[in-house]
Amino acid sequence: MPQKFLMKGNEAIAEAAIRAGCRFFFGYPITPQTEVAAYMAKRMPEVNGVYLQAESEVAAINMVLGAASTGARVMTSSSSPGISLKSEGISYIAASDLPCVIINVQRAGPGLGGIQPSQADYFQATRGLGHGDFHLMVFAPAGVQEITDLVAQAFDLSDRYRVPALILADGMIGQMMEPVAFSEQSPHPAEKPWALTGHRNQRRPNIINTLHLSPDKLEQTVIERFARYDSICANETLCEQMLTDDADVVVVAYGAASRIAKAAVRAAREKGIRAGLFRPITLWPYPSAALAALCETTKAFLCVEMSMGQMVEDVRLAVNGRRPVEFYGRTGGNVPHPNDILQAIESAAQMAPQNERR
Amino acid sequence: MDYQILIAGFGGQGILFTGKILAKAGLTQGKNVSWLPSYGPEMRGGTANCSVCVSDSEISNPMVLQPNILIVMNQPSWSKFICAAQPGADVFWDSTLIAPEGTRTDVSLHPIPATGIARQNGVERLGNVVMLGYLLHQIPILEKDAFFSLLTDSISETKRHLVQANRTAFEAGYAYSPHEGQKSRHDA
């Protein structure tokens, strides 16, 4: 068995990226993701990589665009307000079909907000992290070990589909330490014949450009990109289910909230309530089919988030009115208390349709 | 084994370091562990705290809200966390710095004048390590020598010259007995 280290989530993000072949990191400091940059500053020189603290988030994301254009594996990291600043560049990267990995260790908003953990950037991450018709692949780790697996996967899939990937973590996942073992798996970089590496008069020049003044030409590039999104949706959704087989109430939660929800689900079971947990690991594409399938057996859903209710919309879309969908959330940097989630599970169990009791 | 540990004090007391050592002690025994710090402006001069879970089973919630081991290193943290301890919990506190108010009768109280002992031994700032030594004697999370070598391995390169001071503090805490001589004024 590989050796286990005790590592912060933020440090694991950085180490996993380096092991995935990332050799360029451009960032700008912000709490609570500072250790990502600090770790990169220390480790990148050891692997002949580049760590650069840019003059701003806007500069950093455009450096990512530049490095990705050359086919390099590249990453940037920030927290909520900083991600908003990066959004223009992210739209350009998506429009350029460039692979890269972006980290958002969420803090409370809106505005400068606070520095405590939050999940209030779900809409931004899954609906539109920038202007225009596009998506990012969005991964939501719930623990430090999972971070290492998802960062590696994010790099590989981003390369394969030429779609930027976002790791949507939060202050709790970033700051906590858990044991982590790195797998010996080597990265799977894709061939990148499109990369700007110098044509040396031996091939036609590659051009990376996001300006298409002809509506038909632009429409065509967007439709082609959406065909790739379709295959991502068909092949790359991830979720974890715990005790859902016989559950009357299924709690839906991701990231840090899912950890606390798991404790609440176990407490509910001890009280004789058949509760289960459905944890989306990819937030885009959303594991809608797996969630919808639970309508066959469950009576009610309860979505738990560290926000006023954002993912709950995806839950409702998946459930499509077939079962009641309740919501419980805390925001502003507060983390839900397991007892409050337990209470919400109890009331969802009571509200569930009684006539279908098995 | 299911230790839910909450350690609280003020910034600079080595609260987070103490938690890290306990988490590592669990890790060396193949237990599931987690360590979660408070972070933010409250750490500058105010209270710092961290949650450590060491368990045979999977750790769902890493945030310790009702500790079964509570370690308190300053007065504000006592007021803030003493009510949170589970009935039957082991509560350790630095009786040099804390005058307990509203002492609970449903928990095991382990006062130790950690800062005073550290001062007497010429290692004033290592009250947390004195506390660790005492804690390990009361709750044998790990065998003593293994625990101490884990502690020394965790001292960063720039602080290697403090290994001996750490040993002094650790041994003093380990040897402390509330019933012999060094009784604190708050001992129950």
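- Rounding to the nearest 0.5 Å places CE of A:M177 at 4.5 Å from NZ of B:K20.
- For A:P117, the parts sitting under 4.5 Å from any heavy atom of chain B are the backbone and the side chain alike.
- More than 12 heavy atoms of other residues, nucleotides or ligands shown are found within 6.0 angstrom of CE on B:M1.
- Looking at A:R259, its side chain does come within 3.5 Å of a backbone N or O of B:I59 through a donor-acceptor pair.
- Scanning all heavy atoms of the two residues, the minimum distance from B:N61 to A:P338 falls at ND2-CG, 3.6 Å.
- B:W35 pairs in a side chain to side chain contact (heavy atoms under 4.5 Å, CB included) with only one of the listed residues (A:Q175, A:K8, A:E178), which is A:K8.
- Formation of a donor-acceptor pair under 3.5 Å by the B:Y39 side chain with backbone atoms of A:M172 is not found in this model.
- You'll find the side chain of A:K4 reaches within 4.5 Å of the side chain of B:L27, heavy atoms only.
- Within the 4.5 Å cutoff, the side chain of B:E58 has heavy atoms near those of the A:K262 side chain.
- Atom OG of B:S57 sits about 7.0 Å away from atom CZ of A:R266, to the nearest 0.5 Å.
- A donor-acceptor pair under 3.5 Å is absent between the side-chain atoms of A:Q116 and the main chain of B:S38, judged by distance alone.
- Side-chain atoms of B:S60 and A:I260, non-hydrogen and from C-beta on, never get closer than 4.5 Å to each other.
- The neighbour count for A:K42 NZ, taken as heavy atoms of other residues, nucleotides or ligands under 6.0 Å away, does not exceed 12.
- Interface remark: A:V265 contributes no atoms to any contact with chain B (heavy atom separation under 4.5 Å).
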Just do the side-chain contact (heavy atoms from CB on, under 4.5 Å) check on B:M63 and A:V335 with the steps written out, would you? CA-CA 9 Å; B:M63 199 175 243; A:V335 174; 3.9 Å; yes
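- Within 6.0 Å of CZ on A:R269 lie more than 12 heavy atoms contributed by other residues, nucleotides or ligands.
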